[in-house]
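Residues: numbered from 1 along the sequence shown. Because the structure is a prediction, the values reported are computed rather than measured. We count ligands from 1, going down the list as the structure has it; atoms in each ligand are counted the same way.
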Amino acid sequence: MKTIAPDRLPALLRAMPKAELHLHVEGSLEPELIFRLAARNGVALPYASVEALRAAYAFGDLQSFLDIYYAGASVLRHELDFFEMAWAYLERAAADNVVHAEIFFDPQTHTARGVPIEAVIQGLDHACHRAHAELGVSAKLILCFLRHLSEDDALATLETALPYRHHFIGVGLDSSERGHPPEKFARVFARCRELGLHRVAHAGEEGPPAYIESALDVLRVERIDHGVRCVESPALVERLARARMPLTVCPLSNVKLRVFPTLAQHNLKALLDAGLCVTINSDDPAYFGGYVNENFVQTFAALPALTADDAYRLAANSFEASFASADDKARWTRQLDEAFAAAG
Ligand code: ADE
Ligand code: ZN
């Protein structure tokens with residue numbers, strides 16, 4: 001690879017093509033859109049203004065964030081609301097040179113309020129199709145189960161989603177991690193595997209390395225979301241590296257939710273140097289202070305040991321770790337090579 005002058009690295013981080021694999025679409029709801037949808041749908045918010053809502057975005061841990069995140073999502077009622085939320089994210093993703101996005105959504109958050117799952121999925125699907133046609137962004141959906149709810153609730157949700165099976169490529173597991181180990185969802189993930197759905201799970205964000213192991217062994221996941229606590233078990237790091245099991249890491253999220261005290265203390269460089277298939281993602285960008293390019297630029301600024309080689313590796317990993325076709329992966333990797341050649 002050609003040498004890249006350090007002062008040209010931030011521009012290259014922004015310009016290089018990349019895939020985003022860990023993005024909760026409800027976490028892309030900006031305060032302005034929350035207020036617009038609340039007014040349109042007649043939903044009362046416990047905040048007087050956009051500024052007051054933003055001021056509440058100071059989180060002590062994952063749960064304190066989730067409480068506000070679910071309150072924000074309560075303004076979503078109709079298919080058009082879901083379309084507008086996803087479209088706003090996809091326009092931002094395109095501006096960040098995201099060529100492929102695998103987007104998480106939490107149907108139980110909405111069906112529990114009486115919103116039909118059809119409205120959720122059709123609205124998101126419409127935005128994904130339009131993004132491909134108008135923005136050139138490939139966009140796919142991953143249905144997530146909320147781990148603080150029961151497995152029976154997850155199984156029932158899966159059944160109601162099956163008429164729309166062709167609109168999502170896989171399933172995930174998110175929400176409150178501690179006290180809700182992956183094995184709680186063994187049956188529903190086994191059913192998803194039979195259905196040919198891809199499988200991912202949040203593990204090792206706040207939870208222990210044992211949760212990463214049970215996500216692999218019991219849920220048979222193909223990626224781990226976050227996974228940063230794997231470093232507490234050298235044997236697990238070796239296993240993840242050997243299997244090239246992707247970790248979708250979200251640096252700004254990890255600092256906002258106090259998984260690491262500062263970005264400078266983030267273990268991303270150590271994970272890369274251990275040979276892990278790490279990717280950089282934005283998680284809930286409206287709440288954590290930045291979309292994917294901001295995650296790249298701020299992380300590289302805070303960790304000067306990260307090099308242009310690491311930038312290339314992170315983008316290449318994002319294509320490798322995606323559920324896209326081999327042809328698409330090869331095409332995006334060629335585009336990545338061109339971006340590096342042009343910057344050298
Ligand atoms: N839902 C949205 N963001 C999440 C995160 N960072 N961890 C677990 N569940 C989530
Ligand atoms: Zn997440």
Visitor: Classify the side-chain pair Asp328/His100 by whether it contains a donor and acceptor separated by less than 3.5 Å.
Guide: no

Visitor: Using salt bridge (Lys or Arg N to Asp or Glu O under 4.0 Å), reason through Arg239 and Asp217 one step at a time and then give a plain yes or no.
Guide: CA-CA 12 Å; Arg239 174 183 180 184; Asp217 295 333; 2.6 Å; yes

Visitor: Of the choices Glu205, Arg147, Glu26, which has the non-hydrogen atom that lies closest to atom 7 (N) of ligand 1?
Guide: Glu205

Visitor: Please list, in number order, the atoms of ligand 1 under 4.0 Å from a heavy atom of His24.
Guide: 1 (N), 2 (C), 3 (N), 4 (C), 10 (C)

Visitor: Please state the angle at the Zn ion (ligand 2) spanned by NE2 of His202 and NE2 of His22: what is it, rounded to 10 degrees?
Guide: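 Once rounded, the angle between the two atoms at the Zn ion (ligand 2) is 90°.
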
Visitor: Within the 4.0 Å heavy-atom shell around Phe65, which atoms of ligand 1 are there?
Guide: 2 (C), 3 (N)

Visitor: Which residue supplies the protein heavy atom nearest to atom 6 (N) of ligand 1, what is that atom called, and how far is it?
Guide: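 So the nearest neighbour among protein heavy atoms is Asp283 OD2, 2.7 Å.
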
Visitor: Where's the contact between Leu62 and ligand 1, heavy-atom distance under 4.0 Å: side chain, backbone, both or neither?
Guide: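 Near ligand 1, Leu62 shows its side chain, while the N, CA, C and O stay back.
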
Visitor: Is it the side chain (CB and beyond), the backbone, both or neither of Phe104 that lies under 4.0 Å from ligand 1, heavy atoms counted?
Guide: neither

Visitor: Under a 4.0 Å N-O cut-off, is there an ion pair linking Glu205 with Arg178?
Guide: no

Visitor: If I consider every N, O or S atom in Asp283, which one ends up closest to the Zn ion (ligand 2)? I only need its name.
Guide: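 Of all N, O or S atoms in Asp283, the Zn ion (ligand 2) lies closest to OD1.
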
Visitor: Rounded to the nearest 0.5 Å, how far does CZ of Phe105 lie from CG of Leu143?
Guide: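 If we round to the nearest 0.5 Å, Leu143:CG and Phe105:CZ are 4.0 Å apart.
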
Visitor: List the steps, then state whether side chain to side chain contact (heavy atoms under 4.5 Å, CB included) holds for Thr111 with Thr160.
Guide: CA-CA 10 Å; Thr111 52; Thr160 63; 5.6 Å; no

Visitor: Please list, in number order, the atoms of ligand 1 under 4.0 Å from a heavy atom of Asp284.
Guide: 2 (C), 3 (N), 4 (C), 6 (N)

Visitor: Counting C-beta onward and ignoring hydrogens, is there a side-chain heavy-atom pair between Arg14 and Asn293 closer than 4.5 Å?
Guide: yes

Visitor: Show the atoms of ligand 1 that are less than 4.0 angstrom away from any heavy atom in Leu66.
Guide: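 Matching atoms, with element in brackets: 1 (N), 10 (C).
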
Visitor: With heavy atoms of His202 as the reference, note each atom of ligand 1 found under 4.0 Å away.
Guide: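 Ligand 1 atoms under the 4.0 Å threshold to His202: 5 (C), 7 (N), 8 (C).
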
Visitor: Could you tell me if any non-hydrogen atom of Ser175 lies under 4.0 Å from any atom of ligand 1?
Guide: yes

Visitor: Please step through salt bridge (Lys or Arg N to Asp or Glu O under 4.0 Å) for the pair Glu294 and Arg92, ending with a clear verdict.
Guide: CA-CA 12 Å; Glu294 213 45 48; Arg92 287 190 161 95; over 6 Å; no

Visitor: Find out whether Val115 and Leu76 are in side-chain contact, i.e. whether some heavy atom of one side chain is under 4.5 Å from a heavy atom of the other.
Guide: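 No; the side chains remain at least 4.5 Å from each other.
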
Visitor: For the Zn ion (ligand 2), decide whether His24 has an N, O or S atom at a distance under 2.8 Å.
Guide: yes

Visitor: Which is it for His226 and ligand 1 at heavy atoms under 4.0 Å: side chain, backbone, both or neither?
Guide: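 Near ligand 1, His226 shows its side chain, while the N, CA, C and O stay back.
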
Visitor: Please check if any side-chain donor atom of Ser175 sits under 3.5 Å from a side-chain acceptor atom of Tyr70, or the reverse.
Guide: yes

